Structures are given as structure tokens and as C-alpha cells.
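As a basis for the values below, the full set of heavy atoms in this structure was taken, side chains included, without hydrogen atoms, waters or symmetry mates. Labels below follow one simple rule: chain letters A, B, ... track the order of the sequence lines, proteins then strands, and each chain is numbered from 1. Owing to the predicted nature of the structure, the values given are computational and were not obtained by experimental measurement.
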Amino acid sequence: MIERSLLEGLDATMARLTQLAEDHRRAQEYDLSCERMAYVAAQLITLQGELSALRRSADLLASLGAADEAEVWRKTCVQLRTGSPRALQSPGRALVTGDVELLRLVAYAAGGTLIARERRILLARELARRIDTLEAAQSCRHAAGDGREIDLQPLRQALELLSTAGTLTLAQLMQLETLVVG
Amino acid sequence: MRYPTCWDADRVRSVLTTESRQKERELFLQTHRPFQMIRVDFCKEPGSWGPFIPEEELRAIVQSGPVDAHNRLFFVVGEAGSGKSELCQWLEYMVDPDARLAVHIPRSMTSAAHVVALLRDRLGADVALSRAPIATQADHVALSAVVLLYERGGTLAPPDLWAPVLLSAGLRAEIAAHLAQAGDVAHEPLLPDSQVRELCSLHGVAVASDRVPAVAAALRLLIGQALEQTLWLGDMRRLLAQLSDVAVQQGRRPLLLLEDITAFQILGDLLLDYLLDLTSGHFDAVIGVTTGFEQTQLAGATLVGDLTHIHHRLRARFVLSDDQGRSFGLEEELVNLARAYLGAITVSDAAWAHADGAFDGLYPFTEIALRRAFDSLHEEGNPRQTPRLLLEHVIGAALLGSEPPPITLDRSSYLVRPPALFRSEDGVSEDLASLLRWYGEIGEEDVTLDARIATLWGVTAPEHLFQDGRIRVPRAYITLPPSSAPPDADWQGELRELQRWMALGGRYPSRETLKRGVERAILWLGDPRSLGSQDALSPAQATIYYTRGDERLPIFIEDGSGDQDPTGSYVKVRVGRAPEDRAILEELVYLELSGAEPAHVCHNLALTLEWARRHWDSYHQEVRTLLREQMGGLTAEQLILSAWRLLHGLIGPGDDYLSSETPSLDDDAYDRLTPWSPERQAICYTTGRALWRWQDIVRRLFIGAFTLRETLLDQERYVAGTSDLDIRADLERLARLRLDTLRSLPFKVRPGGHAIQALLLPLQRYARALHGLDVPAAWRSDMQDLRRREEHLQAQQHLDHPALGRRLRELHWRCGEVGVTWHESWDVALETLTAITPEDLHVLVMQVSELRGGAGDRLSDDIWAYQEFRHALRPVIAHPYWSAAATVRRIQDELLRAGQERYRRDARMLVSTAAYRELLQVTRRLRQELIDD
Amino acid sequence: MSAPSLGRLLISHITLRGPEVRQLYMLIQLRPGIGYGDLVVELLPPGTMRSAFSLEEAPLREALNFLLAAGLVAQDGPSRRKANFRATPLLPSVPFSLLLLRHIASHEDERQRAIALVYRQLVQEDVLDITPGAIRERVERGPFRDLFAWTGEKVMFWTHLTSSLGLVRRLERRVEVLIIPQPELLLAALRWAEQQVPGPSLDACLRLIDETFFSCYTARGRVHRGVVQALTALHRLGQAHLAHTADAAHSVLLGERRVSEIYLLPV
């Protein structure tokens, strides 16, 4: 071992201590970033869920022939696409710094979710109206002795789901689509 | 030696016969010396009887009874040989034959037949014993014997076998012949052994030839008892009564003189019974009894079984000798008695006429010799001064001996040799010693002897002893000054034992006295068990002592004295009996017995002290040799010097090992001076500490062995000791000492009483530790250490001291920051380092490099050089810098350790986490959704 | 250190015992001109701490002073500490004990001869054993009572010194002193005297010893009992042979024995 002077020894010790303290601080910051990330992730997943439900709803209505309503989805996409913050593409920096970029991202996610949900509820109402119509026609046909009968129950359930805050799973939606398109 | 004699042995025997009865009246009266002192125990005759009377008064008492008075009994009590027969014989010769009929039954006459014959003889009656024909009497006796055989049993068993023998015609004929002879006092004894053998073979009784005497004796006893029972006893009573009556009728009163009743058995009892029946006759009976017999046998022998009963019937009881067996009045009469006998034996105009003056008519005795011999008379271990012993074993033995009396007396088993009171000088021959012992006149300062006696008997003496016609030998035991306590009463006895041992060796019962005397003389020169210097004066001294045995000096008296031979580690002063030492031994015994001053007792103190010195030296040497052998060749001095050197080496130079202050023995004190590292030389370090605790004892031992004063060397002893010391060899010897044998070492350190092994143990362990230390390896290790230190110091050469100061101060708050508790002692280290100057460090580095460089030349396997190096090393490595530097290092270590514990180091890059990658997928999917319209 | 105190009484060196005096003299004799410092080095135990007052050297200084006062040793140099020392014996090649006795006996100052005078008085009075207390009483009543003030300490010193020289004997555990010379001392004296006198006359030898070293005769002109004992011991131990010839001119009585000649065993 090469001997050092006492001073060198002390310098090294102090430096090492400083290093240790720095590491400590960074560990604490990392924890914070992780928390932010989890929050943001949750928001974005909600947004994505809403958007997905909106698109299904629009698709369903479109399959039922309501073209106007289907246009709602496209408009919404444009609107969210144009308003998306930079951080949506690479959120790392925003999460670590926790600055205004992060705020924009959070606001975007929250705002997007609200818009998607609002429009989905509108579409759900339209759908409900159309199911009622279908039901009436069904009962007429039944009265006319038309033996062909459509089970409307799955449609109603889909509707139920769409109109609430809940989100249909992909499988449920596929099933619903099959039902409606029949 | 020559012994001119002028007497006829037969004449000597006849004059000196102790059987008074066998002497002619004329000869008897020539040699008889009147009894002047006969003690009267009691006497019922009227008159006042003082404690002692002469023989004439005794005669008057005995004869004072009227002729027809009933039986009157007198006891004469005395030791065997005290003169009972003499007295009886004298009475017999002196009584008036017209008024008294004396019947004297001597001690030798023990058979009833003899007594009866004697009585008949006195009575003047017919010899025939009985009216019955002798053959009938013999038949009666034989039949009685058979009855006794059956009743009593004994040697002759079974009775059926022997009855026919007893009843045989042959035996009866023998008995008849014996009865026919009875009148003759000196008749043949009954049944000789040869006859018994014949009788047995005749009747087919097989008796081995070696048993014939026993069988014959048994037969004789049996027939004798039958004889007494059947025949004589009844006859004797009748005879006695007859005798009494006849005598009274003649106007004479019978006087029965029975010398010694002890000798009779049944006969004695019956005689006594007859006489005690006071009305049975008119006898005056003087009965001799030995003291012991009266007490133990006589009482039981009577019908009543009570001595008082007998005493009540006695007229008087006379006693001839005292409890010690000394005849009353004999001492005073001694010379006259001897003179009377010698006069009856010797003739004048003898070959010694020219020297007669020296003997005063007592040749071959002098009065001194007679008295000394008389005083020395012993029988069966007890002193016994009786006339018979004097006549037989002093006078008779001397006259009949072929050597002069002193030699005869020396050899006699009846005489206890008196101690010689003169000094056992060279030149005093055995003969002269013997002559002086018996004939020497004991004066105040010397023992003297008429030179004519020695010349006559051809005893030579050194010329210087002759003076004025006398031989003069200085006394060993001069009269004590009045202030001295009288010596032990038994001092003569002890002296006798000593002289006997000195002359012949063998058991010496009172040897303890000699030992104490020897011990006293040897201790005059100091204690030979102490191995220190006798010239050491310091009160701080200690010495090694031999401590086997008790406090007393162990002494062995040689030549079978009864002492145990010293063995093994038990060494004793040996005292022998060399002729030239004898006078000194006598003086030592006397010194011990008397408690007198040495200068008064010792004839030549210079010689006594030389004797003591010789024994002192040889014992001291033995003790030293013992120690040396037990310690593998180390002497006491080598041991002390080795211990001292080891301690000195351990303590190092500069310390005052002889400081009289009690040194501090705590561990810190040891740590400050030991050259050994507790880590790297752990064994030397710990064993050194154990030895170090003994430093005061070792210092005291050094003072006791090598100084005159505490601060003045005994140069002679010290130089001798150190020149004798080979510390390397002694170290090895010490290391090789076997601890198990040390445990039994009989040596201690005094004062203090520490067993020597208690010191040897740490010494041996330390020596072994030093011996076992791998010196080259230790050197190398130290050199590495030094090199490391040197490098360390060189690294400090350009130290920025102000910056160091700042950093040191920073340490404190850094500790606070990470939670390290601050020790106060750390301040000291910090202060040391803060205050240290470049010059200080320079000096230190110089010292270290000097040590490294200097040691380089001396590197060897020599433990002493290495120890010296360690001592030089100690102040350098004890410099406060090192501990301060070490403390700072420790603080830093603590800091880092605490920091590492306290601070987390698990920080990561967020973007590289899986969670972030998931997030990216979410956003990608989201964007996908929006594009996918 | 004080100036040499040569005037101090020999008998006042009461702390001395004898062996240290002999040892010091032997050392000085062996190394003539030896300095004080070297004496200290030789005679003080190694490692002895030297105190400011050099008390440790006191026994050495006492012995040195005694030798100087007795004239056995001379000092060259003014201050003792800086001086050198050499032996100045009156007689060549005699043992130290005899030499010291000679120096004391022939000292010009009567008071310095006191050690020999006490012995002379005891021998003349035919004393054989005596306690120190009794010695003091005797000298205080005797012809030397006015030499100086006699004390118990002086007498004790006398007994220690003379017994160490072999002139008298002290026994352990006993108080009395035996006025009996040790045979070795007497033998050494006889050996010396034998060389000086013509013929083997014991009387001549003893007279010479009496004049030179120590007293041998009582006031009545008889050989002292202690000397007789020592002579007899020498005879008995075979180291000397005593004889008497009827025609000898001088003879002495040894106790009862008349002796005219002495022959010593050759060394």
C-alpha cells in the first residue's frame, strides 16, 4: 500500500462522505419521480380507456347507421392529437424534474379523459334511443307473427357499460359488436 | 593389664557364699557385720520401738516371750539378697541353746521330706517316719499320684496311659526307697531321667527321647505333690506340735527360723496356717518374706486371703530394705562389710604391698571404687543395693576375675557403668578410662587417681597427666556457678547413654539432647541452611533457605543411634563418634543439660568452634549441592544472578533496579517498560509480566547474596558470581528446569516465606519464552514495521499543516453530522497532530531510520541483542504521534462506517426502469389510438 | 564532600563492620592510584540510582576515611572526590587483618590505638568471655578511661571490627564476646613471626606477635587462655606442632602444659 499523508487521507475521507450524502439525496429524488410516474401512468391509462370506449361506441353507432355520431370520434382524435404535449412522447425528463411539462401532461391527460367521457355519454344516449326503436320494431314483428327474433339483452348491457364510467373490456366490446351487427 | 592376686579361689567362694547356712560358725561370725538399721513397721511387744533398731534389739524382741506362750510370729521383709538369711543364721548362732531350741529352715531346703527330717532331728526322735510299713506308704503315695493325675491332667496325658506306670511295682519300689532315705538330709533325688525312660519302655509308653526330661519332671512333680499331700503334711503338723511340746517340757522354747517362705509352695502355706493358728503350739517363728511376695502372693496363699489377717497375727514386722531395693544402713557399713570379707579372704605380705597405701587395705578395691560399684548395682533394670549383689557381683566377681576389677566391673551385667566425668582426651586409653571411671576421685576441676594403682596394674597414661604421684585428667563438667539452674536430674543417665554410644555405637535414647547441643553450637556460626552472604547487613536482604523439617536444624546421629538415615532431599547434619570429637560431644550435651555458659563448659572453645565450623561447612555444602542438583546444575548465586539479569533485561537500561521504594506493579507500569509487544511477542510479554512482579524479591535476594550494605557491593562475591555466570547457558538451564520436580524443592525465600518454586516458576517460564522466541523472525517483523513507519513519515514530509488543522477541526462536526459519538481522548490526538511541527516529524523520521540502519548490523539470533533493540525501539514507537495518527485514522474509519450506514446509495435512472418502459408503452398506445382514427 | 577527616577517631566509625574496609583496601592495593569515581563504579551495585547527596556512597566514604585515618591508604589530591588513592602498608605481604592491627597498634596517636588497647586490657586481665556491656565497664574503670568518652556504640564497633579481623569471636544468638583469636589469624601471625625470630621458640614468636599485632600475655606474664586455646586447636588440627625440650631457654605454660617450641606446617 502506498502511504499517503494524513491530509490526503482526510481529504479522501471527506470526499467519500460527500459522495455518500449525494447518493443519498439522489435516492430520495428517484423515489419522488417514481411516484409521479405512477400518477401520470394512471391518468394516461384512464384516458386511453375512455378513448377506447368512445371509439367503440362510435363504431357501434356507425354500424347502426348513425354516421353523424361516428364523426364525434374522429373530431375528438384530431382535437387530442393537436393538443398533445411534448412530454407525451418522452415523459422521462418531465417526471424527474417535475416542472411545467409534467403539469401540461397531467392536464392533457385529465382534460382528454373528461372530453372523451362526455362525448361517449352523448353517444350512449343516442344508442339507447336506437335500441328502444329496435325493441318496438321487434314487438311489431312479433305481433306480425314474424318468428325471427333478436335478443336485445346484450345490447342493453353494452349500453349500460358505455353510459357509466366503467369501461368495457376489449372482449366485451367485441362481443357487443357481434351482437349489434348480428 | 596385670592383675596380681594372692587368694585362693575356693577360699573366696566359701567365704563369699551367699548361703549363710553353709558357713561355719567361726567364718560366719568373722564376716558378719551387725545389722545396724532394721526398720520396725510395728511391734506388739511392750516398749517403744523407733523407726530403726539394731539386730541385738531384734533378737531381744524375738526372745522376749515366755516359754509356754502361744505361737509368736515375726516377719522379716526385704529384697532378695538383703540379708534375711544372714539375720536368721545370726539368730541361730546367737540364741541361748538352754533357753531356746532353734530350728533353722534354709532357703535351699524346699522339700517337705527335708523339713520333716530336720524337725525329727531337732526333736531327737526316731528316724522312722510312720507306723505303716514303708511299702504300704509307697502304695498310698502311688495311688494318690494316680488320683492327682486324673484330677489335674497336665503333661501326662491321657491318664489311662500313665496310671499303670504310676502303679507299677518298679515305681512303687522307687518311692519306698525314697521314703527309707528321708532321714538323710542330703538324700538322692527321686526318679532320675534315666529311670523314667526305663519305666516307660517297660510299660510300652512311647516317649521321644527329647521329651524325656519334661516327662520325668512332670512325674517327679506329681509324685512329690502326692508325697506332701498324703504323708508329710499331716505328719509335719503332728511333728511340730510334738516338737513344741517336747521343747517346752525341756524348758526350751522352740525358735523356728524360716529364711524364705517364698521358696515353699504347699508346705509354706501349711506351715503358715499352722503357725497362724496361734494356739497350735509354742513357737517363736521368724519368717523371711520378700517384699514382692508379701504383696502379691502371700495374701492369696492364706485361707482367709487377706494380708491384714496375717498382719493381725504378727508380733512384729521388720524390714531390711527400702522401696528402691537398698538395704538399710548398708551404705554406711559398706566399707566395713567389704573389709570384713576381704580380711577373711586375703593374706598380708602380698605382691601389692608396695602399693597397699593406695588401697587402704581394701585391695583390689578402694573405698571410692567400692562405693561407685555399689551405687551402680542393678538387677533386671532396677537399681538394687543389697549385700548379696555386692558380695557376688562386685567383690566376688572382682576377686575371681582374671582381669583387674575395672575391666571386670565394666563387663558386668549387674553394674551400670557410671559416666566418665573427665574429658575424653587423646592419650587416655580405654584401660585408663575404665580405671578412672571406677577408681577416679572426682574433684572440682579434675578426676584424679593414685598413680600407684595404674602402675600396679600396668595401665599407662600420657606423661603430662602425671602430677605429684597422681594421674590428673581435667573434668569435663565443672561445678556450676550458683546462678545456673541445676542440670536435669537425669543428666548422669543421659551422659551414660552418650558415652555408651560414643564407645560402641548402637541405640542412644536421649540423643535429642546431643542434637540440641550440636544445633546450638552450629547456630553460633549462623544458620547453615541459609544460602545468603553472612556479611550482608542490609535489612532489605532476603536469602534462600533450606526448609525441610521443622524450625530445628535437622541432625543425624550416626552408628545406629536410632535416627533415620537422611534420604533424598532430606539432608541432615551428620554427627559421628570419631574419638577426637568425643570430648566435644560430651561438652555439648552438658551445655544443653546445664544451660551454662559455653566458656565455662567447653574446655577449648577454639576447638569446639572448629568442630562446629567443620560441620557447618559440610552441611552447608550439602544443602548447596542439593539445590544445585535439583536445579539442573544452577547454584543459588547463579539463580539469583540469572533472575536479576533477566529482570534487568526486561526492565531495560536506565531504570534503578535497586530502588528501595516499593515498585509499582500495575500493568500500566509494566507496559511502559517492557520491550515485548503484547501482540507479537505475547508469551514473552505475559511471562515477563509474571516475572516482573517478583522484582522486589529478586532485588532482595541480590542484596542478600552480593552486597555488604544495600549500596555497597560485596565485590568478592559479586565478581565470583558474575565470572561464574554464563547467562546464555544459565538461561538454557532455567528453561530446561522441570516444573514437576521443582514442586518438591525444600527451599524458601526468607523473609516472606515464598517457596523457591514460586519464584522459579515465572523465571523458568520467562526463560523458556525467551529461549523459544524466534529472534530472526521477530527482527524481520520489527524491520518491516519500521519500514512502514518510515514510509508513513516520509509521506508526511510536505504536509500542509494549516490545512491539516482545518481538516482535523472538520472531523468533529462531521462526526456530529453522521452521528458518531465524540470521545474526549480524541481531542488529545487532534491536539497532538495539530501541534506537531515539521521539525518534530523530522526528528521522528530520523530516529526511525537510525533504528533501521543500526539494527541492520546487529541482526542475529541473539535474544539479548534483540531485547536491547526492543528497548531502543520502545520510545520511538511510543511517540505520541503514532497513537494520534492512529486515533485520527480510527475517527475516519468511524466516520465512514457511520456514513455508509446512515446514507442510502440505491438511487437509479428512472428511464431505465421497467415501470418507465411500461409508461412509454402506455403513451405509445395512446398516441396510436389517436392516430388510428 | 567534607575535607578528609583524618583526625576522626578510628573507633568512632561506628557504622563500619570490617569486611568493607578489607574489600576497599584490597581494591586500592590492587589498583594503585585508583580514583574516587572508579571506586564508586567498582563498589556500588550496578544500576544504583545516585541521589543528589550521594548517600549511597556513605558506607564507601566511611571505609575510605577509616583506611586514611589508620594510615593504610594515602590520598593524592585535595578533594577526595577528585583524588587518587594508593596503599601505604607498614609491613609488606602480611594479610590485611594483621596489617590493620599493626597500623592501629603502632599509630602515633594514643587515642587511635584504642582498638588495640581495649584488647590489651582484656587480655591482661585474663578475660575469656565478656559481654559488650562489661567491656565498657572495664574500660571505663581501666587505664584508658580518659582517652575519650566511651560509649556503647564504640564498644559495639570494637566487637564487630575485631571479630571481623579474627581477633575475637562473636557467636550468633549470644551476646558475649569470646577473647579467643581465630586459629587462622594466629597462624598467620605465627607464620610471620617465625620468619623474624631465630629458632622455633614459641615464646619468642608470641612476644613478637604481642609487640607487633595483638596482646598475648596476661598481666601475670602467662599466655592468655584464648591464645592457649587457639594454639592448642592449631596443634590438634595438625597445622602447628607444639613441643617441649627440657633444656630450652624459654618456655611457656599452655594451661597445664609446658611448651618451648612450635613448628608450623609448611604452606
Separation between CG of Leu80(A) and OH of Tyr108(A), rounded to the nearest 0.5 Å: 4.5 Å
Working for side chain to side chain contact (heavy atoms under 4.5 Å, CB included), residues Val106(A) and Gln43(A): CA-CA 7 Å; Val106(A) 171; Gln43(A) 291 269 25; 4.0 Å; yes
Nearest-0.5 Å distance that lies between atom NE2 in His801(B) and atom CD in Gln796(B): 8.5 Å
Closest contact, heavy atoms only, Asp774(B) versus Pro776(B): OD1-CD, 3.2 Å
Gap separating the CG atom of Leu873(B) from the OG atom of Ser677(B), nearest 0.5 angstrom: 10.0 Å
Arg93(A) CZ: over 12 foreign heavy atoms closer than 6.0 Å: no
Residue Gln28(A) excluded, over 12 heavy atoms near CD under 6.0 Å: yes
Choice from Arg788(B), Gln900(B), Gln794(B), Arg806(B) maximising heavy atom contacts with chain A below 4.5 Å: Gln900(B)
Spacing of CG belonging to Leu10(A) relative to CD belonging to Glu810(B), to within rounding of 0.5 Å: 8.5 Å
Interchain contact, Asp31(A) with chain B, by part (heavy-atom threshold 4.5 Å): side chain
From Arg26(A) atom CZ to Glu29(A) atom CD, the distance as rounded to the nearest 0.5 Å: 9.0 Å
CA sep, side-chain torsions, deciding dist, call: Val922(B), Val40(A), side chain to side chain contact (heavy atoms under 4.5 Å, CB included): CA-CA 10 Å; Val922(B) 171; Val40(A) 168; over 6 Å; no
Interface residues of residues 886-896 of chain B facing chain A - heavy atom cut-off under 4.5 Å: Val888(B), Gln892(B), Leu895(B), Leu896(B)
Side-chain donor or acceptor of Tyr670(B) paired with backbone N/O of Tyr685(B) under 3.5 Å: yes
Centroid-centroid under 6.0 Å between Phe869(B) and Trp779(B) rings: yes
Check ion pair Arg897(B)-Glu901(B) (N to O, under 4.0 angstrom): yes
Contacting region of Leu799(B) [heavy-atom separation from chain A under 4.5 Å]: side chain
Between Tyr39(A) and Glu35(A): side-chain donor-acceptor atoms closer than 3.5 Å: no
Chain B neighbours within residues 95-105 of chain A, where any heavy atom lies under 4.5 Å away: Leu95(A), Val96(A)
Positions in residues 813-841 of chain B that reach chain A, provided some heavy atom is under 4.5 Å away: Arg814(B), Val818(B), Leu833(B)
Tyr881(B) vs Leu6(A), side chain to side chain contact (heavy atoms under 4.5 Å, CB included): CA-CA, chis, key distance, verdict: CA-CA 11 Å; Tyr881(B) 170 79; Leu6(A) 288 176; 3.6 Å; yes
Residue pair Ser84(A), Arg927(B): steps toward the side chain to side chain contact (heavy atoms under 4.5 Å, CB included) verdict: CA-CA 9 Å; Ser84(A) 74; Arg927(B) 279 185 285 126; 5.9 Å; no
Separation of Leu851(B) CG from Asp782(B) CG (nearest 0.5 Å): 9.5 Å
Side chain, backbone, both or neither of Leu920(B) within contact of chain A (heavy atoms, under 4.5 Å): side chain
Close contacts, residues 17-24 of chain A versus chain B, judged by heavy atoms under 4.5 Å: Leu17(A), Thr18(A), Leu20(A), Ala21(A), Asp23(A), His24(A)
Contact class of Gln79(A) relative to chain B, heavy atoms under 4.5 angstrom: neither
Arg680(B) CZ: over 12 foreign heavy atoms closer than 6.0 Å: yes
